[in-house]
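First up is the structure itself, then whatever we jot down about it.
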Amino acid sequence: MSPQSLLQSPEGTVRLLSPGQQPAWRYGLLHDRDEITLLWLTRGQGKITLDGRRRGLGTHNAVFIPPRALFALDLAPQSLALILHAPAPQPGGAQFPDAPLHLRVREALAQAELTSVLETIQREITQARPFMDEALDAHLRLAAVWLRRQSAQGSSDQPEETAAQRLAQAYSHSVVARFRSPDGPGDMAAELGVTGTHLTRACRAACGRSAQRMLSERKLHEAHRLLAEPEPAIANIAASLGFASAAYFSRFIRKQTGQTPSDLRAGVPPARRTPMSGRPGPRPIRRF
């Protein structure tokens, strides 16, 4: 199956895409979604940070990400992966897991089964034949059954959790719930019953990021998403993300990306070092 940059049904209900062909921020920054996400890595390796824990990915790894779970991907340049996005499960619909699931799929038959389901979803989306919605629902149900079968057969990679990982997971949930507020890691640490220093130490041990970095990434991802459209106004975006003013928001964006919010909205590429001046331009967005 050749990866497509974006395959989307007319209703926008189911999407199948290749993360390598998306802007770096879209999957490289910690974020959460209202929909379910299924990652299928068909070649190469990388890392995923999911629910406060960072772990390695390899070929024929499948990761299910439920709605409102904080995650970010860091795939090697030559990796090939497909990501399926679909609406959150509804009563009577496909029964996907309630919690994140990481599968290391070793059996060739199981690998072929998931690839076949995704290929069929790809055809349905691109051809837009009659009764497409019913067909997509059926194939999503098959994907859900595949996940449950693989979990039942012992393909799930669920190592024992440490105390640091449990705390980082709890903090991830706080970030998802409160990243739009002016609250900082210290406020969330207090609610979790720990000090800010202890929280940052736990987050670094569990996922390689400080507590502040995790919160900043989530705010930055949302800023990128909103600035990708002509509306709302930058001042309104700043207020929606808990910044006291548009000026504070602009300083945050410039510190993180080397660009202004207006540059990001206009699609201006980040400046680079030029041979003539030898001076570095603003930093491009970091990959995590």
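Everything numeric here is computed off the predicted structure, so don't read it as measured data.
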query = Counting heavy atoms not belonging to Q45, are there more than 12 under 6.0 Å from its CD?
reply = no

Residue pair A211 / Y171: nearest heavy atoms and the distance that separates them = O-OH, 2.7 Å

request  = Check the hydrophobic clustering (I, L, V, M, F, W, Y; side-chain heavy atoms under 4.5 Å; chains of links allowed) and say if L114 and V145 are grouped together.
outcome  = no

task = Go through the steps to decide whether L70 and L50 satisfy the test side-chain contact (heavy atoms from CB on, under 4.5 Å), and finish with yes or no.
result = CA-CA 6 Å; L70 197 68; L50 176 57; over 6 Å; no

message = Suppose we screen for salt bridge (charged side-chain N to carboxylate O under 4.0 Å, His left out). Which residues come up paired with R204, at least two apart in sequence or across chains?
response = none

query = Shortest non-hydrogen contact from A164 to A205?
reply = CB-CB, 4.3 Å

key: K219 to F243 six-membered ring, cation-pi geometry met (6.0 Å, 45°)   = yes

query = Mind checking whether Y248 and I234 sit in one hydrophobic cluster, side chains of I, L, V, M, F, W, Y counted as touching below 4.5 Å?
reply = yes

task = Can you see which heavy atom on L75 is nearest to which on A81, and at what distance?
result = CD1-CB, 4.0 Å

query = Does Q259 use its side chain to pair, donor to acceptor, with the backbone of V268 at less than 3.5 Å?
reply = yes

query = Is a side-chain donor or acceptor of T42 paired with a backbone partner of L80 at a separation under 3.5 angstrom?
reply = yes

key: Side-chain touch P66/P97, heavy atoms, less than 4.5 angstrom   = no

query = Less than 4.5 Å apart, any side-chain heavy atom of T115 and any of L82?
reply = no

remark   = Separation between CE (M214) and CZ (R209), nearest 0.5 Å, reads 7.5 Å

Residues 190-197 side chain polar contacts: donor-acceptor under 3.5 Å, at least two apart:
unit_1: E191; atom_1: OE1; unit_2: R178; atom_2: NH1; d: 2.6
unit_1: E191; atom_1: OE2; unit_2: R178; atom_2: NH1; d: 3.2
unit_1: T195; atom_1: OG1; unit_2: H198; atom_2: N; d: 3.1

query = So how far is it from M188 CE to H173 NE2, rounded to the nearest 0.5 Å?
reply = 13.0 Å

request  = Please lay out, stage by stage, how L226 and N236 fare under the test side-chain contact (heavy atoms from CB on, under 4.5 Å).
outcome  = CA-CA 10 Å; L226 294 172; N236 292 342; over 6 Å; no

ask   = Is it true that E229 and R265 make a salt bridge, defined as a side-chain N closer than 4.0 Å to a carboxylate O?
value = no

message = Could you check whether atom CD of Q78 has more than 12 heavy atoms from other residues, nucleotides or ligands sitting under 6.0 Å from it?
response = no

task = Please report the C-alpha distance between S18 and Q22 in whole Å, then the side-chain angles of each, then the deciding distance to 0.1 Å, and finally whether the side-chain hydrogen bond (donor to acceptor under 3.5 Å, both in side chains) criterion is met.
result = CA-CA 7 Å; S18 171; Q22 304 300 305; over 6 Å; no

query = Is a donor on one side and an acceptor on the other found under 3.5 Å between the side chain of S216 and the backbone of R213?
reply = no

key: Over all atoms of both residues, closest heavy-atom pair of R148 and Q95   = NH1-O, 2.8 Å

message = Has E217 got a side-chain atom pairing as donor or acceptor with L30's backbone, closer than 3.5 angstrom?
response = yes

inquiry  = Please check this pair: side chain of H221 against backbone of R26, looking for a donor-acceptor N/O pair closer than 3.5 Å.
reply    = yes

query = So, the side chain of S116 versus the backbone of A112: is there a donor-acceptor pair under 3.5 Å, distance only?
reply = no

query = Would you call E113 and R149 a salt bridge, using N to O less than 4.0 angstrom?
reply = no

message = Are more than 12 heavy atoms, taken from residues, nucleotides or ligands other than R180, located less than 6.0 Å from that residue's CZ atom?
response = yes

message = I'd like to know if the side chain of S155 and the backbone of S151 have a donor-acceptor N/O pair within less than 3.5 Å.
response = no

note = When rounded to the nearest 0.5 Å, the distance separating CD of E134 from CG of D137 is 8.0 Å

key: Side-chain donor/acceptor of Q256 to backbone N/O of I253, under 3.5 Å   = no

ask   = F96 versus L101: any side-chain heavy-atom pair under 4.5 Å?
value = no

query = Regarding T120 and E124, is there a side-chain donor-to-acceptor distance under 3.5 Å anywhere?
reply = no

ask   = Have H102 and R55 got a donor and an acceptor in their side chains that come within less than 3.5 Å?
value = yes

query = Are the side chain of S79 and the backbone of G44 linked by a donor-acceptor contact shorter than 3.5 Å?
reply = no

request  = Could you tell me whether a side-chain N or O of W40 sits under 3.5 Å from a main-chain N or O of L84, the two making a donor and an acceptor?
outcome  = no

ask   = Can you tell me how far CG of L39 sits from CZ of F64, rounded to the nearest 0.5 angstrom?
value = 12.0 Å

key: H31 versus R33, side-chain donor and acceptor atoms under 3.5 Å   = yes

ask   = Quick one: CG on L41 to CG on L103, what's the gap to the nearest 0.5 Å?
value = 13.0 Å

note = In terms of heavy-atom contacts, A144 and A94 come closest through CB-CB, 4.2 Å

request  = Quick one: pull up CD in Q165 and CZ in R53 and give me the separation to the nearest 0.5 Å.
outcome  = 4.0 Å

remark   = Closest heavy-atom pair, A110 versus W146, reported as atoms and distance to 0.1 Å, is O-NE1, 3.0 Å

task = For atom CD of E107, decide whether the heavy atoms of other residues, nucleotides or ligands shown that lie under 6.0 angstrom number more than 12.
result = no

key: Pairing residues for D51 by the salt bridge (charged side-chain N to carboxylate O under 4.0 Å, His left out) criterion, not counting sequence neighbours   = none

task = Determine, step by step, whether T260 and R254 satisfy the side-chain hydrogen bond (donor to acceptor under 3.5 Å, both in side chains) criterion, reporting the C-alpha distance in whole Å, the side-chain angles of both residues, the deciding distance to 0.1 Å, and the verdict.
result = CA-CA 5 Å; T260 66; R254 182 175 285 279; 5.1 Å; no

